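The block underneath contains the structure these notes are about, expressed in C-alpha cells.
As the structure is a prediction and not an experimental result, all values here were calculated from the model.
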Amino acid sequence: MPTSDNESPPVYREIAEELRAAISSGRLSDGDRVPGENDLMKRYGVARATARQALSVLINEGILVPIRGSGVYVRAFRPLRRHGPRRLSRELWGSGRAIWQADAAERSFEIDDVRVDEVAAEAHVARALEVAEGTVVLRRRRRYRLDGRPLQLASSYLPLDLVRETAITRVDTGPGGIYARLAELGRAPAHFTEEIRVRMPTPAEAKALRLTAGTPVLDVLRTALTSEHAPVELNEMTLDGSAYVLQYDFEA
C-alpha cells in the first residue's frame with residue numbers, strides 16, 4: 001500500500017536524523033567516534049539490523065566513515081563548490097593561476113600521482129579531438145586532493161603533433177597549466193563544452209578516491225576548443241559525488 005503523507009518515517013531514518021543533527025550542531029565534530037550498533041540498540045531499543053541501517057544512511061552520504069576494527073567516525077568534510085564558467089576563464093589561467101585555484105580558495109589543495117604518456121586514441125577520444133581512431137595522442141593523468149582527501153581523478157588528452165617537445169609533456173607544465181601553454185602555441189582555448197553524468201565507481205576508482213560503499217561519482221567530460229572551434233583537449237574527470245557542489249550561472 002502507498003505510504004500515507006502522515007505516516008512516520010522508518011525508525012532507522014529517525015535515528016539517522018538525530019545523528020545528523022548532532023553533527024550539524026557541533027555536538028559531534030570531525031573525527032569524533034559516533035555510537036556503534038550496540039550503543040544504538042540500547043539507546044533506542046531497536047534490533048541490530050535497524051541500528052546498522054541508520055549508520056549506513058550517513059555512511060553512504062559520506063558524513064560518516066567506518067574504520068575496520070575501530071568504529072564509525074564523523075567525516076564532516078565541507079564540499080567543494082565547483083563553479084563551471086568562472087574556473088575556466090582566461091583571466092584565471094592567463095594570469096598564471098591554476099584552474100583549481102578558483103574552487104579551492106584558502107583551502108589546502110594539491111595534485112599528486114601525475115603521469116604523462118602517449119596512447120592510441122580510443123573512439124570517443126578520437127571523435128572529440130577530430131583525429132582518426134588509433135592516432136597516438138598525449139595523455140596526462142593526475143589525482144586531486146583537498147584538505148588531504150582525494151576527490152578527483154582526471155585524464156587529459158591532447159593532439160601529440162601540437163604539444164610534442166613542449167612543457168605540456170612534462171609533469172610540471174608551469175604557471176597557468178595546460179591552457180596557458182596552449183595559448184603560447186597560438187591555440188588558446190576559447191570555448192568549452194561539458195557533459196556530466198552520475199554513476200557508481202569502478203573498484204579502482206573507489207580505491208583511488210577512498211570512497212565508502214554506495215558513494216556515486218560524477219563523470220565530467222570537457223572539450224576545449226580554440227576560437228576557430230578546433231579541439232585542443234579532451235579532459236575526462238571522475239569526481240567523488242559526496243565532495244562537490246556543481247554551480248553553473250546562466251543569463252535568461
Side-chain angles (χ1 to χ4, degrees), residues 80-119 121 124-131 135-147 150-196 218-240 243-250:
L80 181 67
R81 184 170 295 275
R82 184 183 187 273
H83 192 292
R86 185 175 60 205
R87 68 195 307 274
L88 295 173
S89 69
R90 186 191 298 262
E91 180 182 351
L92 183 71
W93 49 262
S95 63
R97 292 187 294 161
I99 287 175
W100 53 261
Q101 287 181 290
D103 301 326
E106 77 288 352
R107 300 174 71 180
S108 175
F109 201 99
E110 61 180 326
I111 303 174
D112 69 0
D113 197 22
V114 180
R115 287 173 283 174
V116 184
D117 57 6
E118 298 176 10
V119 296
H124 71 288
V125 175
R127 282 195 301 272
L129 295 181
E130 297 181 358
V131 298
T135 299
V136 177
V137 297
L138 184 79
R139 178 176 63 181
R140 296 182 54 86
R141 290 179 288 177
R142 61 270 190 205
R143 182 175 65 173
Y144 295 84
R145 300 167 63 97
L146 183 67
D147 299 339
L151 77 169
Q152 180 187 152
L153 306 174
S155 293
S156 288
Y157 299 86
L158 302 100
L160 185 58
D161 289 344
L162 173 63
V163 302
R164 183 184 282 114
E165 298 181 359
T166 70
I168 295 174
T169 64
R170 303 172 194 157
V171 169
D172 183 357
T173 58
I178 292 173
Y179 295 156
R181 304 292 80 76
L182 287 170
E184 293 168 356
L185 295 171
R187 306 298 294 277
H191 307 280
F192 297 94
T193 178
E194 283 193 348
E195 298 177 0
I196 301 173
L218 301 171
D219 266 350
V220 182
L221 198 66
R222 183 178 70 226
T223 305
L225 306 103
T226 67
S227 56
E228 293 80 25
H229 285 268
V232 288
E233 181 214 27
L234 172 67
N235 192 352
E236 292 183 318
M237 292 159 276
T238 302
L239 284 58
D240 175 350
Y244 278 91
V245 173
L246 305 185
Q247 177 178 343
Y248 294 88
D249 299 328
F250 302 94

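- Inspection of the R181 and Y179 side chains reveals no N or O donor paired with an N or O acceptor under 3.5 Å.
- Taking the side chain as every heavy atom from C-beta outward, R170 and D172 never approach each other to under 4.5 Å.
- Minimum interatomic distance between P159 and P231 (heavy atoms only, all atoms of both residues): CG-O, 4.3 Å.
- Inter-residue side-chain proximity for R143 and I111 is flagged as unmet; no heavy-atom pair is nearer than 4.5 Å.
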Does D219 form a side-chain contact (heavy atoms from CB on, under 4.5 Å) with I196? I'd like the steps, not just the answer. CA-CA 5 Å; D219 266 350; I196 301 173; over 6 Å; no
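- V232 places none of its side-chain heavy atoms less than 4.5 Å from the side chain of L225.
- What you find for L162 and L182 is that their closest heavy atoms are CD2-CD2, 3.8 Å.
- Between the CZ atom in R187 and the CD atom in E228 there is a gap of 7.5 Å [rounded to 0.5 Å].
- Note: E118 CD to L160 CG = 4.5 Å, rounded to the nearest 0.5 Å.
- Closest approach of L151 and L146 over heavy atoms only: CD2-N, 3.5 Å.
- With respect to the salt-bridge test (charged N to carboxylate O, under 4.0 angstrom), the residues R115 and D117 do not qualify.
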Decide side-chain contact (heavy atoms from CB on, under 4.5 Å) for Y157 and V119; before the verdict, give the C-alpha distance in whole Å, the side-chain angles of both, and the deciding distance to 0.1 Å. CA-CA 9 Å; Y157 299 86; V119 296; 4.1 Å; yes
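- Note that CG of L234 is 6.0 Å distant from NE2 of H124, once rounded to the nearest 0.5 Å.
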Check against side-chain contact (heavy atoms from CB on, under 4.5 Å), L158 and V137: CA-CA 6 Å; L158 302 100; V137 297; over 6 Å; no
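- With values rounded to the nearest 0.5 angstrom, H191 atom NE2 is found 13.0 Å from T223 atom OG1.
- Salt-bridge formation is detected for the pair D112/R145: a Lys NZ or Arg NE/NH1/NH2 atom is positioned less than 4.0 Å from an Asp or Glu carboxylate oxygen.
- Taking all atoms of both residues into account, the shortest heavy-atom contact from A121 to V125 is CB-CG1, 4.0 Å.
- Between atom CG of residue D240 and atom OH of residue Y144 there is a gap of 15.5 Å, rounded to the nearest 0.5 Å.
- Distance check, rounded to the nearest 0.5 Å: CG of N235 to CZ of R222 gives 5.0 Å.
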Check step by step if side-chain contact (heavy atoms from CB on, under 4.5 Å) holds for R142 and S156. CA-CA 9 Å; R142 61 270 190 205; S156 288; 3.0 Å; yes
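- Contact record, S227 with A190: N-CB, 3.5 Å, taken as the closest heavy-atom pair.
- The two atoms that bring R140 and V171 nearest to each other are NH2-O, 3.0 Å, heavy atoms only.
- The side-chain heavy atoms of E194 and L221, taken from C-beta on, include no pair separated by under 4.5 Å.
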